[in-house]
Amino acid sequence: MKLLSKKSIGLIISSFTAVLLLFLFLFPLQTALVFHVESTEEIHAFLPIEEQETFHLIFTHSIHLTDVVEKYRVMDDLQIVQTEIVYEEFGIGMPSNAGEGEKFVYEDGKYHIKNMNNVFPSLNIRNGKTVSENRLVWGKDDEKMIWFNEFFTPGDWYKVKVEKLTLWQYLKGMKIHE
């Protein structure tokens, strides 16, 4: 049996290393809520998140200046489903009743539309310019929160999608953390 030469062994190890690095940097591994700059594929920031996890977007309504909470869940197919909306006052842009299969309730001084099932492949989100108090909430018990202004420029808008990121995208992007 003929032994491999040192040159052959070096070539095998180099090839294996190159394939391993390509796999690590090009194969999508980490699921994340990704904020793309406007309608481009440029990633501005991301929040690591798993399927079936929830997150909330909170914004201050520009007219009645009260918080509106939109609650979402990440589906197994990486789409985003809106499950609830909570607000304090009726007004422009606010729903006045629940849709089919939804439940409209008044609890703790706020209106809730529950049992929503609005499915989106992505969301378009603008960080408020005049009233810039948008927040992102997540975590097992909704205990983590950031203000959009910590990561996003007031007035800018982002396309938000759930995607699987490669290690390369993960390392070069801006990870959202509390």
Side-chain angles (χ1 to χ4, degrees), residues 20-62 67-87 93-95 98-103 110 112-129 131-178:
L20 181 62
L21 287 173
L22 279 171
F23 176 79
L24 287 175
F25 281 94
L26 300 178
F27 188 77
L29 299 171
Q30 173 68 53
T31 305
L33 187 65
V34 180
F35 291 77
H36 291 275
V37 176
E38 298 179 357
S39 60
T40 70
E41 290 300 312
E42 178 186 343
I43 296 174
H44 180 79
F46 67 90
L47 173 70
I49 197 165
E50 296 297 325
E51 290 89 350
Q52 298 304 317
E53 282 191 58
T54 61
F55 65 94
H56 309 319
L57 296 172
I58 303 172
F59 64 92
T60 302
H61 195 281
S62 63
D67 283 345
V68 177
V69 181
E70 296 178 341
K71 298 183 181 186
Y72 298 93
R73 181 174 33 86
V74 176
M75 298 173 62
D76 292 337
D77 63 0
L78 305 185
Q79 294 202 75
I80 301 167
V81 62
Q82 183 181 30
T83 59
E84 185 176 352
I85 187 168
V86 182
Y87 54 97
M94 305 299 354
E100 186 175 333
E102 299 172 346
K103 185 177 180 184
K110 297 181 182 182
H112 296 251
I113 298 181
K114 298 183 177 195
N115 301 332
M116 296 176 80
N117 192 31
N118 299 324
V119 179
F120 305 99
S122 64
L123 304 170
N124 290 322
I125 298 175
R126 184 177 198 108
N127 188 19
K129 190 170 187 173
V131 181
S132 187
E133 296 181 3
N134 295 0
R135 286 150 279 165
L136 173 64
V137 176
W138 75 97
K140 185 176 179 181
D141 297 312
D142 303 326
E143 73 278 7
K144 299 176 183 177
M145 184 192 83
I146 59 111
W147 293 87
F148 268 42
N149 287 350
E150 294 174 20
F151 292 89
F152 309 106
T153 305
D156 285 357
W157 69 275
Y158 303 89
K159 179 171 264 190
V160 180
K161 299 191 285 191
V162 178
E163 300 176 341
K164 294 225 181 238
L165 298 179
T166 65
L167 181 59
W168 175 251
Q169 290 171 312
Y170 190 89
L171 292 174
K172 76 175 195 172
M174 179 173 38
K175 181 178 175 184
I176 295 174
H177 55 84
E178 61 176 329

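Between atom OG1 of residue T166 and atom CG of residue L171 there is a gap of 8.5 Å, rounded to the nearest 0.5 Å. Summarising the geometry, atom CG belonging to N124 is positioned 11.5 Å from atom NE2 belonging to H36; distances are rounded to the nearest 0.5 Å. Rounding to the nearest 0.5 Å gives a distance of 5.0 Å between CD1 of I146 and CZ of F151. To the nearest 0.5 Å, atom CZ of residue F35 and atom CE of residue M174 are 10.0 Å apart. With rounding to the nearest 0.5 Å, the separation of CD in E163 from CD in E41 is 6.5 Å.
Taking the side chain as every heavy atom from C-beta outward, L123 and L57 approach each other to under 4.5 Å. Taking 4.5 Å as the limit, some side-chain heavy atom of I58 sits within range of a side-chain heavy atom of V137. Taking 4.5 Å as the limit, some side-chain heavy atom of I43 sits within range of a side-chain heavy atom of L165. At least one side-chain heavy atom of F152 sits under 4.5 Å from a side-chain heavy atom of H44.
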Evaluation steps, side-chain contact (heavy atoms from CB on, under 4.5 Å), between Q79 and K161:
CA-CA 8 Å; Q79 294 202 75; K161 299 191 285 191; over 6 Å; no
Between W157 and S39, does a side-chain contact (heavy atoms from CB on, under 4.5 Å) hold up when you go through it step by step?
CA-CA 9 Å; W157 69 275; S39 60; 4.1 Å; yes
side-chain contact (heavy atoms from CB on, under 4.5 Å) between F148 and D156: does it pass, once the steps are laid out?
CA-CA 11 Å; F148 268 42; D156 285 357; over 6 Å; no
side-chain contact (heavy atoms from CB on, under 4.5 Å) between T60 and R135: does it pass, once the steps are laid out?
CA-CA 9 Å; T60 302; R135 286 150 279 165; 3.7 Å; yes
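Remark: R126 pairs with no residue by the side chain to side chain donor-acceptor pair (under 3.5 Å) rule, at least two apart or across chains. In this structure H61 satisfies the ring-ring contact (aromatic ring centres under 6.0 Å, His included) test together with H64, sequence neighbours excluded.
Salt-bridge check for R73 with E84: failed, with every basic side-chain N at 4.0 Å or more from each acidic carboxylate O. E51 and K164 are joined by a salt bridge, as a carboxylate oxygen and a charged side-chain nitrogen come within less than 4.0 angstrom of each other.
When all heavy atoms of Y170 and K175 are compared, the pair lying nearest together is OH-NZ, 3.1 Å. For V37 against Y158, the heavy-atom pair with the smallest separation is CA-CD2, 4.1 Å. The two atoms that bring N115 and G101 nearest to each other are CB-O, 3.6 Å, heavy atoms only. Annotation for F120 and Q82: closest pair CE1-CB, 4.0 Å, computed over non-hydrogen atoms. L47 approaches I176 most closely through the heavy-atom pair CD1-O, 3.8 Å. Considering every non-hydrogen atom in both L78 and V162, the closest pair reads O-CB, 3.3 Å.
Under the side chain to side chain contact (heavy atoms under 4.5 Å, CB included) test applied with F59, the options N127, D67, N134 reduce to a single match, N134. Residue I85 forms a side chain to side chain contact (heavy atoms under 4.5 Å, CB included) with just one option from E102, K71, M94, and that option is M94.
At distances below 3.5 Å, not a single donor-acceptor pair connects side-chain atoms of H56 with backbone N or O atoms of M145. Side-chain atoms of D141 never come within 3.5 Å of backbone atoms of E143 as a donor-acceptor pair (strictly under, hydrogens ignored). A donor-acceptor contact shorter than 3.5 Å is absent between the side chain of H112 and the backbone of V86. With hydrogens and angles ignored, the 3.5 Å screen pairs a side-chain donor or acceptor of Y87 with a backbone N or O of P95.
Atom NZ of K114 has more than 12 heavy atoms from other residues, nucleotides or ligands within 6.0 Å.
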